[in-house]
Every structure is written in C-alpha cells, then in structure tokens.
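As structure tokens, the structure follows; a few thoughts come after it.
The sequence lines fix the lettering, A, B, ..., with proteins before strands; numbering per chain opens at 1. The figures here come from the full heavy-atom set of this structure, side chains too, leaving out hydrogens, waters and symmetry mates.
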Protein chains: 2
Amino acid sequence: MSKCEQCIVREFSSLKALSKNELVHLSDCKTSHTIKKGEVIFEEGENVNGIFCIKDGVCKLTKLSPNGKDHIVKLVTKGELLGQRSMISEEPVNLSAVALEDMEVCFIPKSEVMSFFDKNNQFSMNVMKTICGDLKEADDHMVNLAQKTVKERLAETLLYLHDTFGKNEDNSLKVQLSRDELASMIGTATESCIRLLSDFKKLGLIELTGKKILLKDISKLKKLAE
Amino acid sequence: MSKCEQCIVREFSSLKALSKNELVHLSDCKTSHTIKKGEVIFEEGENVNGIFCIKDGVCKLTKLSPNGKDHIVKLVTKGELLGQRSMISEEPVNLSAVALEDMEVCFIPKSEVMSFFDKNNQFSMNVMKTICGDLKEADDHMVNLAQKTVKERLAETLLYLHDTFGKNEDNSLKVQLSRDELASMIGTATESCIRLLSDFKKLGLIELTGKKILLKDISKLKKLAE
DNA sequence: TAAAAAATATGACATTTGTCATATAAATGC
DNA sequence: GCATTTATATGACAAATGTCATATTTTTTA
C-alpha cells in the first residue's frame, strides 16, 4: 500500500494541513483504486461514506436534468478532493463522477476525515475555503449560462480547458471531451456545438483533427468569449 | 440596542449554536441597521468585514455579467446570514446585495464571527452546512439554466417564489419583483418575460394585477416547469 | 478484418428567444 | 394635480438555437 506521507498530490488539497502522524494514520485507513476511462466513481443519489483524493487523471461531475440529459457541472483533476460537500451535508451526493481518462484515486472513510476535522483546525479551514471557492465558481458559471450566448460559452470553455489542463506535445487540448460532452458542459445541443466548432475552424480560431482540438488564435477566442 | 438573546431570527441561522454568554457578547459588538427598499447593503467587489444577519425583509444577490446586465443569483430573507462566503475566503464579496423591501439587518464584525468559529464547533459546522447547501442549490440552478427553456424556468421561478416566500391575503405573491427583476432571475430579456407572463395569464395559470402576480393553477404550472 | 455501432458533420427547417419600435399604464417629482 | 419619467405591454422582425434527417467518418466488436 502506498504511503500518504510520500504522496505529492496531497500538497495540492486541504490534506496539506495534515501532520506527519496524521498522514501515517491516513495511509492505513485509505484504500487505493484504479479507475478506467468511462467508469463511474459514484452516482447521483448514492451514499458515499467518505471522500476521494484524486492522485491522477480527470473526471467529470454530472447532474441529470429533468429532460433526461446529463449536464457537466465541473471537471475535477489530480490533487483535488471529491465528495466533501455531501459528507459535510450528511446527504447523498448530488452529482455523479465519471472518469474522463484512466485515474488513480484513494478513498478516505468519513470517520477518518471527520476526526481530522475535529482535531485539525487548519484542515477544516482548508476544506471550507475550497467549498467557498466552488460556490463562487458556481455563481460565475450560473451568470454565464444565463447571460452569454452559446458561442461565447463555447469560446470560454475552450479557453478554460486550455488554461486549466494544458496541451499535449502537438498543442492539442490535453483533456479530450467528445462533442457530446462539450455540448453538455456549455449547455447546448450536440449539433449546435459541432456547428460552432466548424465555424471556429473556418475562422481560423481552432484546428480539428479527429477528436483533438487545437487552439490557434487565443486572443481572438478571448474576444469572442467577451 | 436590541438584545441578541431575545432575537428570534437567530434560531433560523447558524447563530442558533451560540451560548447565552456568546449572545450577550454579540449584542455589544453588533450594529443594527434599517435599510430602505432599493438600497444597497453591499456591492460586488467591496470588502465587507463581517456578516449581516437579516432580522426582517428580503434582498436580492446580484452579479453583473460581462454584457452589463445584472443577474439575480439568489434571494435571501429573514433569518439568513449574508457575506459568509467572502469572509471565509478572505476575499471581496462576489455579489451585490440590494433590498427588495424595507429591511432590518444587524452587522457582526469579522473578528467576532471568527472567534465563534474557533471556539464553537457547532457554529462552524452550521456555517459549513449552510454553504454546502448553497453550493448544492447553485448546482441545481446551473443545470436548470443550461437545460430548461425560458418558459420552464419562469414557471419554476413563480412556484419557488410562492413556496419560499408565501402569499398576501389577496393570494398574490408576497415578494414583489419587477418584470425586469424576474427576467434577470430566470436569465432572459425583459420583453420575453413579460410576453410569457401574458401567455400564462391567457392560459389561466396566473392572474396579473399591476405588479402583483397571483398563481391560479399551481398543478399546471408544476407540469410546465417539468 | 468485416460488420455493426457510435461519433462527427452538415443541410433543412421549426421554434425559441432577443431586439427594436412604439403604445399604454403606473409611479414619481415638482 | 400635472408633467415627466419609468414600467409594462405588444407587434414586427431578426437572430440564435434546437430538431430531425441523413451522410460520412471513426471506433468497437465479433
């Protein structure tokens, strides 16, 4: 079993507040998991009795809308924690988590997290700040969905993917979303998303090679996103 | 100066966890304010060094979108606290708060809140749960904005206003929003909002008397909202 | 590797929504 | 109480977006 003391990703999450002792203890409680691309980590409505720490890979958090379509609420990656909100609320998770690529995650049982919570003030403060950050992000996102056009949202989302997850050696976006997923992130029909991508391509803003998307004119995309 | 020990609204917020002693102390630190309809409590980007406790009245939390329009992110009412997120994040507030009716609010300085935070575990847990609840609500809202039509959102919003804030003796919605505000809540143009209200009226779902809105057929509205 | 399935792409068209113009009603200031 | 401003309402039209059909490409599976 791998040791949390030696795990680098903990430095990027609330767990960075844990002491050496706490980390040693954590190593014994946590379980490690490999998750293949497309596999479900947890599903909306499930009781997840703890949190996941993402060691490697990216996943999408989705919510089923009443009309039956999935909406991607957020992407979560290496170093982040999953399931904090529902653990604190003592409710089932309100979102599903699905791997977008092969992942390595560790599961930390609730009892363990709660004991850190009680004893380590810095840890609980970190968790709170993360959730507050998520809330602010959600507010921003909400306003964008309400006030921006689909074209603006697509441009913005492409830039977000570029800035947050970086690019491959060939300069294409590192996180590969299907057109369908991209559409469910910006809140539009798949066909509209495909059409706008074609438009962007014709305008020389991006390049499309199969599933790969390459941003060619970032400053023009920024103008488009307003 | 009014006494927090005798204030009933504290029972409805995280402050319910405070002890008698803490409440006595709070009474000395807090300041009471009367805010007239339309007045600004705080503005996006401002540094608010503490939180507001709403003793009476309702306000809107808005965010300016890049295109210059205000979007109403949330309505907040009697018993709720304002400004918790930004206090914890140690950031300026990301939303503006404007009174929708005459209000009574108390301001509690940050130092005071933080000392409760450190010493009273139940209080900090309450705050966390509130923020987690807000986050879940924001996720739901996001999916609605992304996936539902304007008509569905209007129906849903009318029902929300009805269920959350109740109605007057004449059965009209208690919270009176202008068409403009209603539109900026559901994320559409004012004209579209007005037009749909007219449609709803013609369908016998609602009644319009000046600014007043009266829900006549709640079950049909529910079907419309999906 | 061939066949089947799924994803991407595009056209044609309907529907929804936004914009601008203008009319009417209500609220506000003097 | 009247004039002025602001809010509500509606028509006409344009633009954005969704839906359905279908072709093409890519991926998966047997």
Side-chain angles (χ1 to χ4, degrees), chain A residues 36-39 65-71 100-101 144-158 172-173 176-203 206-214 224-226, chain B residues 36-39 65-71 100-101 144-158 172-173 176-203 206-214 224-226:
Chain A
K36 292 250 171 267
K37 177 175 174 172
E39 277 180 12
S65 90
N67 67 28
K69 278 194 218 162
D70 260 334
H71 181 78
L100 288 176
E101 33 185 78
N144 281 342
L145 284 169
Q147 309 271 6
K148 288 193 176 176
T149 64
V150 175
K151 192 188 284 178
E152 287 166 346
R153 268 141 52 200
L154 175 58
E156 190 176 41
T157 301
L158 291 175
S172 63
L173 294 181
Q176 275 194 25
L177 297 171
S178 68
R179 304 294 189 259
D180 195 53
E181 285 170 327
L182 197 51
S184 94
M185 224 178 139
I186 66 182
T188 192
T190 310
E191 294 94 327
S192 299
C193 175
I194 289 173
R195 233 179 282 272
L196 285 171
L197 282 174
S198 297
D199 291 351
F200 283 8
K201 184 182 170 184
K202 275 170 204 152
L203 290 169
I206 63 174
E207 215 167 86
L208 299 172
T209 318
K211 205 166 209 140
K212 294 196 171 186
I213 300 174
L214 190 151
L224 254 183
E226 259 187 339
Chain B
K36 292 253 173 262
K37 177 175 174 172
E39 278 180 12
S65 90
N67 66 29
K69 278 194 217 163
D70 260 334
H71 181 79
L100 288 176
E101 33 185 78
N144 281 342
L145 284 169
Q147 308 272 4
K148 287 192 177 177
T149 64
V150 175
K151 192 187 287 180
E152 289 167 345
R153 266 140 55 197
L154 175 59
E156 189 177 41
T157 301
L158 292 176
S172 64
L173 294 181
Q176 275 195 25
L177 297 171
S178 67
R179 304 293 189 259
D180 196 53
E181 285 169 328
L182 198 51
S184 95
M185 224 179 139
I186 66 182
T188 190
T190 310
E191 295 94 326
S192 299
C193 176
I194 289 174
R195 233 179 282 273
L196 285 171
L197 282 174
S198 298
D199 290 350
F200 282 8
K201 184 181 169 184
K202 276 171 204 151
L203 291 169
I206 63 174
E207 214 166 87
L208 299 172
T209 318
K211 207 166 210 141
K212 294 196 171 186
I213 299 174
L214 190 150
L224 254 183
E226 262 190 336

Are [X] and [Y] packed together at the side-chain level, in the sense that at least one heavy-atom pair is separated by less than 4.5 angstrom?
X	Y	answer
B/Leu182	B/Ile194	no
B/Leu158	B/Leu173	yes
A/Leu208	A/Ile213	yes

So, applying side chain to side chain contact (heavy atoms under 4.5 Å, CB included) with B/Ile186, which one of B/Leu196, B/Val150, B/Asn144 is it? B/Val150
Return whichever of A/Leu196 or A/Gly210 has its heavy-atom-nearest nucleotide of DNA chain D closer to the 5' end. A/Leu196
Please compare A/Thr149 and A/Lys211 by the position of their nearest nucleotide in DNA chain D and report the one closer to 5'. A/Thr149
Given atom [atom1] of [X] and atom [atom2] of [N], what is their separation to the nearest angstrom?
X	N	atom1	atom2	result
A/Asp199	D/dA15	CG	C1'	14 Å
B/Glu152	D/dG18	CD	P	13 Å
A/Lys69	D/dT17	NZ	P	14 Å
A/Leu145	D/dT17	CG	C1'	15 Å
A/Asp180	D/dT19	CG	P	13 Å
A/Arg179	D/dG18	CZ	P	17 Å

Answer yes or no: is there a donor N or O on one side and an acceptor on the other, between the side chain of B/Lys148 and the main chain of B/Ala225, under 3.5 Å? yes
Between A/Thr209 and A/Lys212 (side chain of the first, backbone of the second, donor and acceptor by atom type, cut-off under 3.5 Å), is there such a pair? no
What salt bridge (charged side-chain N to carboxylate O under 4.0 Å, His left out) pairs are there with at least one residue in residues 177-189 of chain A, not counting sequence neighbours? A/Lys60-A/Glu181
Within residues 182-194 of chain B, which residues have any heavy atom lying less than 4.0 Å from an atom of DNA chain D? B/Glu191, B/Ile194
Which heavy-atom pair separates [X] from [Y] by the least distance, and what is that distance?
X	Y	answer
A/Arg153	A/Gly187	NH2-O, 2.9 Å
A/Asn67	B/Gln147	ND2-O, 3.3 Å
A/Thr190	A/Ala183	CA-CB, 3.7 Å

Enumerate the protein-to-nucleotides 12-14 of chain D contacts in which both atoms are nitrogen or oxygen and the separation is below 3.5 Å.
{"from": "D/dA12", "atom 1": "N6", "to": "B/Arg195", "atom 2": "NH2", "distance (Å)": "3.4"}

Outermost DNA chain C nucleotides near chain A [under 4.0 Å, heavy atoms]: C/dT8 to C/dA12
Would you tabulate the nitrogen or oxygen pairs shorter than 3.5 Å linking the protein to nucleotides 3-5 of chain D?
none

Given that A/Ala146 and A/Lys201 both sit by DNA chain C, which one's nearest nucleotide is further toward the 5' end? A/Lys201
Work out how much the helix from C/dT1-D/dA30 to C/dC30-D/dG1 bends between its end axes, five pairs an end, to the nearest 10 degrees. 50°
Calculate, to the nearest 0.5 Å, the distance between atoms NZ and OG belonging to B/Lys211 and B/Ser172 respectively. 13.0 Å
